[in-house]
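Working notes, structure below.
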Amino acid sequence: QVQLVESGGGLVQAGGSLRLSCAASGRTFSYYAVGWFRQAPGKEREFAAAISRHGGYTYYSDSVKGRFTISRDNAKNTVYLQMNSLKPEDTAVYYCAAVEVDNIIRVVRTTREYDYWGQGTQVTVSS
């Protein structure tokens, strides 16, 4: 199994940028597809971005496409979420998640498919 710890959240003005990190420990990280999700107060957790085992394939929700970039460094056991042009509606707790997959090109987009979750990091975007 794998343990996940997010960091990098904070308060930023609209139009600003943040980079979130998801540090993994435990089993070999390159066995896992990883995703970023977010949950705003009173709303369900929603998908933001996902990346395949070696980073060759990515997928984004329409709400973040063109503004967010997911990447990974398996040598550092870390996945990143670069967030640019932030909007107040991006305010949420951001979670990373991992699931072990055999297919190296697979990206996973649904919460129910992920087995491991971090504790979350708060992102607040002021207007």
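The closest side-chain heavy-atom distance from L20 to W36 is below 4.5 Å. In this structure, the side chains of Y57 and I51 stay at 4.5 Å or more apart for every pair of heavy atoms. With a 4.5 Å cut-off on side-chain heavy atoms, H54 and N74 count as touching. Using a 4.5 Å cut-off on side-chain heavy atoms (C-beta onward), V101 and R106 make contact. Contact check for R27 versus E100: side-chain heavy atoms found under the 4.5 Å cut-off.
Contact detail for K43 and Q39: the closest heavy-atom pair is O-NE2, 3.1 Å. For the pair A40 and A92, the tightest heavy-atom approach, listed with the atom from each and the gap, is N-CB, 3.8 Å. Closest of all the heavy-atom pairs between Y94 and L81 is CD2-CD2, 4.2 Å. Nearest heavy-atom pair across T78 and S21 is CG2-CB, 4.2 Å. Contact detail for L86 and L18: the closest heavy-atom pair is CD1-N, 3.9 Å. The shortest heavy-atom contact between V34 and I70 is O-CD1, 4.2 Å.
Taking the ring centroids of F37 and Y114, they lie under the 6.0 Å cut-off.
Annotation: the span from R67 atom CZ to S85 atom OG amounts to 7.0 Å, rounded to 0.5 Å. E6 CD to C22 SG: the interatomic distance, rounded to the nearest 0.5 Å, is 5.5 Å. Rounding to the nearest 0.5 Å gives a distance of 9.5 Å between CD of Q13 and OG of S127.
Under a 3.5 Å cut-off, the side chain of D73 and the backbone N or O of Y80 do not form any donor-acceptor pair. At least one donor-acceptor pair under 3.5 Å links the side chain of T91 to the backbone N or O of V125. Using modelled atom types, no side-chain atom of S52 and backbone atom of I105 make a donor-acceptor pair closer than 3.5 Å.
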- request: Assess whether side chain to side chain contact (heavy atoms under 4.5 Å, CB included) is satisfied between M83 and V123, documenting all intermediate values.
  value: CA-CA 10 Å; M83 306 186 296; V123 172; 3.8 Å; yes

message: What verdict does the side-chain hydrogen bond (donor to acceptor under 3.5 Å, both in side chains) test give for T28 and S30, after you've listed the backbone C-alpha separation in whole Å, the side-chain angles of each residue and the deciding distance to 0.1 Å?
response: CA-CA 6 Å; T28 303; S30 61; 5.7 Å; no

- prompt: What's the verdict on side-chain hydrogen bond (donor to acceptor under 3.5 Å, both in side chains) for S17 and N84, showing C-alpha distance, side-chain angles and the deciding distance?
  reply: CA-CA 4 Å; S17 298; N84 298 328; 2.9 Å; yes

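Under the 4.0 Å criterion applied to side-chain N and carboxylate O atoms, E44 and R38 are not assigned as salt-bridge partners. Salt-bridge check for D62 with K65: passed, with a basic side-chain N closer than 4.0 Å to an acidic carboxylate O.
Under the 4.5 Å side-chain heavy-atom criterion for Ile, Leu, Val, Met, Phe, Trp and Tyr, I104 and V99 are members of the same hydrophobic cluster. Residues F47 and V108 share a hydrophobic cluster, clusters being chains of Ile/Leu/Val/Met/Phe/Trp/Tyr side chains in contact below 4.5 Å. In the hydrophobic cluster analysis, where Ile, Leu, Val, Met, Phe, Trp and Tyr join through side-chain heavy atoms closer than 4.5 angstrom, V93 is grouped apart from L4.
Ring orientation note: the planes of W117 and Y95 are nearly perpendicular, at an angle over 60° on the 30°/60° scale.
Both tests do not hold together for R72 against Y32: distance to the six-membered ring centre under 6.0 Å, angle to the ring axis within 45°.
There is no side-chain donor-acceptor pair under 3.5 Å between Y31 and R53.
By the 6.0 Å contact criterion, CD on Q119 is enclosed, its count of non-hydrogen atoms from other residues, nucleotides or ligands being greater than 12. Residue D102 qualifies as open at atom CG: its count of foreign heavy atoms under 6.0 Å is 12 or below.
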